[in-house]
Enquirer: 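Below you'll find the structure I mean.
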Amino acid sequence: MSSSTDNSAASVSNKKRPVIAIHGGAGAITRAAMSAEKEQHYLQALEDIVASGQAILAAGGSALDAVTEAVRLLEECPLFNAGKGAVFTHQGTHELDASIMDGRTLDAGAISCVNHIRNPILTARKVLELSPHVMFTGAGAENFAREHGQEMVGADYFHTDERFEQLQRAKSSESGVVLDHDGAALAASGSDDPLDADRKFGTVGAVAIDAQGNLAAATSTGGMTNKQAGRVGDSPIIGAGCYASNRTVAVSCTGTGEVFMRTLAAYDVAALMDYAGLTLQQASDKVVMEKLVALGGSGGMIAIDHLGNVALPFNSEGMYRGVGYVDEAPQVAIYQ
Ligand code: ASP
């Protein structure tokens, strides 16, 4: 949905130092199970994608363009649970969700439960730009994508053998979908997958501030391994898994979607900053380390405030993440 409102904070008159942050999901990433080679693959992918976002910002591009492209690249990378490489539903299908928000105007677009759109984030961006609505779901979202020239693929495009095996393991595990990012529990399960095959979460996202001081956030996911068909998590819900306002902050979340929805986690960071005067670090720590935890929520978020400060809190064992200020080398990490 687009509008003509300009939400630029009065204080955003100075040129900001552009910066982008990305995540590739948080989960029970057991360090012991991560080979040096595999770790290097993840780090390199994160670094390359941060660099692509930095290049857009360095060339004077918008935060909205930078987060769109970063998330598109994360969707294209089979290492991460979004686009190609998305996890399977219990029924053996894929259902992808994505959302994007422009902090300058509060325009937003989202889609959910799609499985023929190659890059859900590009369709969410089209919804933001071209539709009077904020979210389309299922067949309606796919029709909207077709009408707007989005690249469509066969459902089997999203099939990867690794994710299919994860589904089989999740189905045979005691509790099916296990909402547990606990590394100890994972180790006890004997899983050798550093992405927590059977208790898999993961989502990708990006937040950025551009040279004009405009903020944007984008989030995309395949959801949770072995989820029931039709289940929608926080990722496409504006205010839960994605939020941006130039007044305060841009946020993209990853973790136990239901808890992020019940706490409106992304918007809560903005509200704590706006109404309670908390700093970015205080607000994001309060949400991730206290409010989510109180309801059993596990995961993390990436956030950039209207001053260009960055926070990357998570309460799980790790979160794939990267940050890059323009003209600086990207910084990437997985563990604490
Ligand atoms: N939040 C996502 C969901 O619930 C999953 C994740 O971020 O790991 O669909």
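Each ligand, and each atom within it, is numbered from 1 in the order the structure gives.
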Enquirer: Quick check: Thr256 and ligand 1, any N/O pair under 3.5 Å apart?
Expert: no

Enquirer: Quick one: which of Glu151, Glu75, Glu142 gives a salt bridge (Lys or Arg N to Asp or Glu O under 4.0 Å) with Arg118?
Expert: Glu151

Enquirer: Which residue pairs pass the ring-ring contact (aromatic ring centres under 6.0 Å, His included) test when at least one of the two sits in residues 245-289, sequence neighbours left out?
Expert: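 Residue pairs passing ring-ring contact (aromatic ring centres under 6.0 Å, His included), neighbours aside: Tyr243-Tyr267.
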
Enquirer: Could you tell me which atoms of ligand 1, counted from 1 in the order shown, lie closer than 4.0 angstrom to a heavy atom of Ser235?
Expert: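 Those of ligand 1 that fall under 4.0 Å from Ser235 are 1 (N), 2 (C).
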
Enquirer: Taking only heavy atoms of Thr254, which atoms of ligand 1 are found under 4.0 Å from at least one of them?
Expert: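 Selected atoms, number and element: 6 (C), 7 (O), 8 (O).
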
Enquirer: Counting each atom of ligand 1 from 1 as listed, which ones have a heavy atom of Gly257 under 4.0 Å away?
Expert: 1 (N), 4 (O)

Enquirer: Could you please spell out the steps behind the salt bridge (Lys or Arg N to Asp or Glu O under 4.0 Å) verdict for Glu147 and Lys126?
Expert: CA-CA 11 Å; Glu147 282 163 16; Lys126 288 283 181 210; over 6 Å; no

Enquirer: Which is closest to atom 3 (C) of ligand 1 in terms of heavy atoms, Met319, His23, Arg231?
Expert: Arg231

Enquirer: Taking only heavy atoms of Asp234 into account, list the atoms of ligand 1 that are under 4.0 Å away from them.
Expert: 1 (N), 2 (C), 3 (C), 4 (O)

Enquirer: Assess Gly25 for proximity to ligand 1: is some non-hydrogen atom of it under 4.0 Å away?
Expert: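 For ligand 1, residue contact (heavy atoms, under 4.0 Å) with Gly25 is absent.
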
Enquirer: For the side chain of Asp97 and the backbone of Cys113, is there at least one donor-acceptor N/O pair under 3.5 Å apart?
Expert: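 Flag set: sc Asp97 to bb Cys113 pair under 3.5 Å.
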
Enquirer: Are any of the side-chain nitrogens in Asp65 or Arg125 under 4.0 Å away from the carboxylate oxygens of its partner?
Expert: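 A salt bridge links Asp65 with Arg125.
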
Enquirer: Please report whether ligand 1 has a polar contact with Cys253, defined as an N or O pair separated by less than 3.5 Å (distance criterion only).
Expert: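 For ligand 1, there is no N or O atom that lies under 3.5 Å from one belonging to Cys253.
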
Enquirer: With nothing but distance in play, are any N or O atoms of Gly255 less than 3.5 Å from an N or O of ligand 1?
Expert: yes

Enquirer: Stepwise, does the side chain to side chain donor-acceptor pair (under 3.5 Å) test hold for Glu317 with Gln336?
Expert: CA-CA 7 Å; Glu317 194 167 339; Gln336 295 282 358; over 6 Å; no

Enquirer: Listed by chain and number, what are the ring-ring contact (aromatic ring centres under 6.0 Å, His included) partners of Phe144, not counting sequence neighbours?
Expert: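 Expected list: Phe136, His148.
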
